[in-house]
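Residues take their numbers from the sequence shown, with the count starting at 1. The basis for the numbers below is simple: all heavy atoms, side chains too, and nothing from hydrogens, waters or symmetry mates.
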Amino acid sequence: MSMISVEKPTPETLRRLNVESWGIWECEISRFDWEYDETETCYILEGQVRVTTAAGETVEFGPGDLVVFPRGLKCTWDVSRPVRKHFQFS
């Protein structure tokens, strides 16, 4: 079972989640370690990312993907194309 959830949401799902009201985060091509203090849900508008968890799981995502990172996750982000995403913490 993957710790990180990636799906292609329907327009209805995006409306229901009110994704347009979420904040925007941008990141240039880079590689960095990250730890999630809260669960983050994000919708990728642009870019390409590979995330590798401390347990060795690798997940890739890009435009049109809805991604959920669980609270407590430790991982490394490898951004191969500049990212622009909507995000929300819960």
Side-chain angles (χ1 to χ4, degrees):
M1 174 78 133
S2 175
M3 293 183 69
I4 302 168
S5 163
V6 180
E7 66 175 279
K8 292 283 189 196
T10 64
E12 173 55 35
T13 297
L14 295 176
R15 276 193 300 276
R16 181 175 45 78
L17 293 172
N18 201 18
V19 166
E20 291 289 323
S21 73
W22 298 359
I24 293 278
W25 182 82
E26 296 178 320
C27 181
E28 294 301 315
I29 294 171
S30 57
R31 183 179 170 91
F32 58 91
D33 294 331
W34 194 254
E35 183 173 351
Y36 289 86
D37 296 334
E38 300 176 79
T39 296
E40 179 185 354
T41 303
C42 58
Y43 180 66
I44 309 301
L45 299 169
E46 301 170 12
Q48 192 67 39
V49 179
R50 176 184 295 128
V51 171
T52 304
T53 69
E57 172 192 5
T58 299
V59 177
E60 295 189 39
F61 49 89
D65 287 333
L66 186 69
V67 188
V68 179
F69 299 96
R71 180 176 175 229
L73 177 71
K74 293 180 182 180
C75 61
T76 300
W77 276 60
D78 189 355
V79 179
S80 58
R81 291 204 319 257
V83 170
R84 186 167 193 267
K85 68 177 184 175
H86 281 292
F87 72 96
Q88 174 176 272
F89 289 100
S90 57

Discussion item. Just to verify, what does Trp77 make a ring-ring contact (aromatic ring centres under 6.0 Å, His included) with, not counting sequence neighbours?
Written reply: Trp25, Phe32, Phe61, Phe69
Practice prompt. Using a 4.5 Å cut-off on heavy atoms from C-beta on, say whether the side chain of Arg31 contacts that of Thr76.
Written response: yes
Worksheet item: Quick one: NZ on Lys85 to OG1 on Thr41, what's the gap to the nearest 0.5 Å?
Response: 10.0 Å
Worksheet item: If Ile, Leu, Val, Met, Phe, Trp and Tyr residues are connected whenever their side-chain heavy atoms lie under 4.5 Å apart, and connections chain through other members, are Val6 and Val19 in the same group?
Response: no
Response to the item:
Minimal heavy-atom distance between Asp65 and Pro9, with the atoms involved, is C-CD, 4.5 Å
Worksheet item: When clusters are formed by joining ILVMFWY residues with side-chain heavy atoms under 4.5 Å apart, either directly or through shared neighbours, do Val68 and Phe87 land in the same one?
Response: no
Fill in: CG-SG distance between Leu66 and Cys42, expressed to the nearest 0.5 angstrom
7.5 Å
Fill in: Joint hydrophobic cluster, Val49 plus Ile44, side-chain heavy atoms closer than 4.5 Å
yes
Item to complete: Check side-chain contact (heavy atoms from CB on, under 4.5 Å) between Ser80 and all other residues, then give those that pass, not counting sequence neighbours.
Response: Gln48
Worksheet entry | Residues forming a side-chain contact (heavy atoms from CB on, under 4.5 Å) with Thr10, sequence neighbours excluded | Glu12, Thr13
Discussion item. Looking at Trp22 and Leu17, would you say the former's side chain and the latter's main chain have a donor-acceptor pair under 3.5 Å?
Written reply: yes
Worksheet item: With the 4.5 Å side-chain cut-off for hydrophobic clustering, are Val59 and Tyr43 part of the same group?
Response: no
Item to complete: Output all residues satisfying side-chain hydrogen bond (donor to acceptor under 3.5 Å, both in side chains) with Arg71, sequence neighbours left out; order by chain, then residue number.
Response: none
Worksheet entry | Inter-residue atom distance Lys74.NZ - Thr52.OG1, 0.5 Å rounding | 16.0 Å
Discussion item. Test of understanding: with side-chain contact (heavy atoms from CB on, under 4.5 Å), list the residues that count as partners of Arg84, not counting sequence neighbours.
Written reply: Ile24, Glu26, Leu45, Glu46
Fill in: Minimum side-chain heavy-atom gap Leu73-Thr53 below 4.5 Å
yes
Worksheet entry | Closest contact, heavy atoms only, Pro70 versus Tyr36 | O-CB, 3.6 Å
Practice prompt. Tell me, please, which residues at least two apart from Ile29 pass side-chain contact (heavy atoms from CB on, under 4.5 Å).
Written response: Pro82
